[in-house]
Amino acid sequence: MPEPAQRAWSRFRRHRVAVLSALALAVLVLLVLLLPVAAHFAARAGPSGQAFAARFDPDQLSDAQFQPPSAAHWFGTDVHGRDLFARVLFGAGISLMVGLVGAGVSLVIGVLWGAIAGYAGGRVDAIMMRLVDILYSLPSIIFVIVLITTLEGVVKSQLEQAGSGWLAHSARLLFLFVGLGAVSWLNMARIVRGQVLSLRHRAFVEASRAMGAGPIHILARHILPNTFGVVIVYVTLTVPAIILYESFLSYLGLGVQPPMASWGSLIAEGADQINPIRIYWWLIVCPGTLLVGALLAFNFLGDGLRDAWDVRMDK
Amino acid sequence: MYFLKRLFFALPLLLLISFLAFMLVHVAPGGPFDRERKPASPEIEHQLQAKYHLDEPAWKQYLRFLGDLSRGDLGPSLKYRNHSVNDIIAQALPVSLVLGALAFGLSVGIGVPIGYFSAVRRGRWQDYAGSFFAILMVCIPAFVLAPFLVMYLGIRWRMLPVALWGTPAHTVMPVIALGLFFSGRIARLMREGMLQVLRAEFITTARAKGLSEHTVLLRHAFRLAILPVVSYCGPLLADLLTGSFVIESLFQIPGLGTFLVNGSLNRDYTLVVGLVLLYAVLLIGLNLLVDFAYVVLDRRVKYA
């Protein structure tokens, strides 16, 4: 490990809340990944295994509708008698996936944009960053909404014609990845630009330039590796922002579609069941608590990493 | 001078936004009359298309739209017949403005004091409590808080009306659900700003002159520490706008957000484009105001 990373790591370890958050997120990811696998194998291993598989199958219907949380159903059951714990974990998988892939998309756009603006400098920089300022004050989610409602049909039929039914089936998910990533790169671009600006006249960069290195070599080899810490911090803070966006869209019915589920769509299903006679609090509280917990964990983790790498967001 | 220049740039930006929105909604498959019950014999459908000029090429429709726009007319809504887009805006805008302004007031009213006091009492329990409140609020989205409020305040304890808009009691739950989320962000910005200013040398000078702690904090530090909050107000307005979509749909409030979401689901071209334009105008105008406030507060900022 290079020396700055080592120092950062030792500082990070002292940040107890951040370490706990990282652990909690790791446990959540493991559960999300392992539960379907475990259920798959258990289903072949006799009747008790089948009961286990049925219990943790998010699509398993039953007559036990609207059961409050109990030993049999830890988070209760929903309108179709499905086990809410399994549903929430399944939704967690989709939410986390959208968050991570979207953050990846925003990472690519933001780093490229910021690196080009910072390295080119002058008028190019001014124009590129002015554009970022403008986009920053626009409600970009409106564009995602308009984009999803308008272009999805076109892309879907194109994909179907191209013979890839599987891709067409998850067209909405693709839109969420790209759309949400495409509106979340602004902070990243600003940060990376600032870093590139401060790095590009350092002695080691000048030395490389004097030896005849081109701009791409300098950026890829000398400048961008030095922005690594900052970039990691902001990726960590972008993931919860995108999860929030996705839940927001799913809540409006513009996010993931049934039979898929995400935290947002589960909360929306719960809100649909609000009626004046009985209160099914667990339908809101269980997915809501997990969503809030995950957002908190990502934020604490991001804050911890930021302190560890000692980066400030200065304009 | 700077502001004149900004205003001057706003116009092409609005044109660009209107063009993009128009084209996006236009290339979308499915017309506004697809979901009508099927009385539409080809002739009737054709007449409807002709009435709203949907049979013309796209560029011609766009020019027609611009021509009407220059007279302040956003055209008829394609879905809500007998209503022009202007009518819909005239009905929905005041509702959304009241909701937005109240939520803005709540988030600033809670966020600024909490951020201020947790910075002043740095490291004591007030700081921890304030900071924890702030980060918790940032992580509780409106669509989690709102159904919860509805279930308990609205249904179980019957303290507040569950939905709709009209009396002051109707505003309480939507405003809390929308505003609390942003109060957390504002509190965090305020605390950071205050801590940064308190490290500055002129604060030490002010204390050395023997000014009371009260004067130092409120007259000297606060004024600069609030600047990050002021510059966040631009994006905050945009966030409040979009945040209100969920709140309006949950509480069935007839505001702009409801119409935008429904409009884009119904392919009501004129309505969506009109609303997107309205949002753009509002945001650009309000952002100019924010910049102006910034200059008034911080005299070190000079716009060339």
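Lettering of chains follows the sequences in order, A, B, ..., and the numbering in each one begins at 1.
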Quick one: of B/F148, B/Y279, B/F245, who has the most non-hydrogen atom pairs under 4.5 Å with chain A?
->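 Of the options given, most contacts go to B/F245.
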Any sub-3.5 Å donor-acceptor pair from A/T238's side-chain atoms to A/Y234's backbone N or O?
->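 At least one qualifying donor-acceptor pair exists.
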A/S247: what forms a side-chain hydrogen bond (donor to acceptor under 3.5 Å, both in side chains) with it, not counting sequence neighbours?
->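 Per chain and number, A/S247 pairs via side-chain hydrogen bond (donor to acceptor under 3.5 Å, both in side chains) with no residue.
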Quick one: does B/S131's side chain have a donor or acceptor within less than 3.5 Å of a partner on B/Y128's backbone?
->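 Looks like no, no N/O pair under 3.5 Å.
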Sidechain-backbone polar pair: B/S183 side chain, B/L180 backbone, donor-acceptor under 3.5 Å =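 Pair found, side chain donor or acceptor close to backbone of B/L180.
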Select one option (side chain, backbone, both, neither) describing which atoms of B/L145 are under 4.5 Å from chain A's heavy atoms.
->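 Neither; nothing under 4.5 Å.
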In terms of heavy-atom pairs under 4.5 Å, which option from B/G263, B/S249, B/P147 contacts chain A the most?
->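 Heavy-atom pair counts peak at B/P147.
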Donor + acceptor pair across side chains of A/E246, A/S250 (<3.5 Å) |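 Yes, A/S250 and A/E246 have a side-chain donor paired with an acceptor closer than 3.5 Å.
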Heavy-atom proximity to chain A below 4.5 Å, by part of B/F181 =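 The side chain, not the backbone.
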Applying side chain to side chain contact (heavy atoms under 4.5 Å, CB included) between B/P174 and each of B/L149, B/L250, B/I247, report the one that passes.
->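 Considering B/L149, B/L250, B/I247, a side chain to side chain contact (heavy atoms under 4.5 Å, CB included) with B/P174 is found only for B/I247.
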Report the residues that fulfil side-chain hydrogen bond (donor to acceptor under 3.5 Å, both in side chains) with A/D303, sequence neighbours left out, ordered by chain and then residue number.
->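 side-chain hydrogen bond (donor to acceptor under 3.5 Å, both in side chains) check on A/D303 returns A/R306, B/R188.
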Chain B contact residues among residues 287-295 of chain A, heavy-atom distance under 4.5 Å |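 Listed by number: A/G288, A/L291, A/V292, A/L295.
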Indicate yes or no for a side-chain donor-acceptor contact from B/S231 to the backbone of B/P228 under 3.5 Å, with no hydrogens or angles considered.
->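 Yes, because the side chain of B/S231 sits within donor-acceptor range (under 3.5 Å) of the backbone of B/P228.
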Is it the side chain or the backbone of A/W263 that comes within 4.5 Å of chain B heavy atoms, both, or neither?
->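 Nothing of A/W263, per the 4.5 Å heavy-atom cut-off to chain B.
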Under 3.5 Å, is there a donor-acceptor pair between the B/T258 and B/N262 side chains?
->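 Per modelled atom types, B/T258 and B/N262 side chains form no pair under 3.5 Å.
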Under the side-chain hydrogen bond (donor to acceptor under 3.5 Å, both in side chains) test, which residues partner B/S96, sequence neighbours left out?
->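 For B/S96, the residues satisfying side-chain hydrogen bond (donor to acceptor under 3.5 Å, both in side chains) (neighbours in sequence not counted) are B/E248.
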Give, as side chain, backbone, both or neither, the part of B/V150 having an atom under 4.5 angstrom from any heavy atom of chain A.
->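 The answer is the side chain of B/V150.
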Of the backbone (N, CA, C, O) and the side chain (C-beta and beyond), which part of A/F248 lies under 4.5 Å from a heavy atom of chain B, both, or neither?
->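 Both backbone and side chain.
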Is it the side chain or the backbone of A/I267 that comes within 4.5 Å of chain B heavy atoms, both, or neither?
->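 Only the side chain of A/I267 comes within 4.5 Å of chain B.
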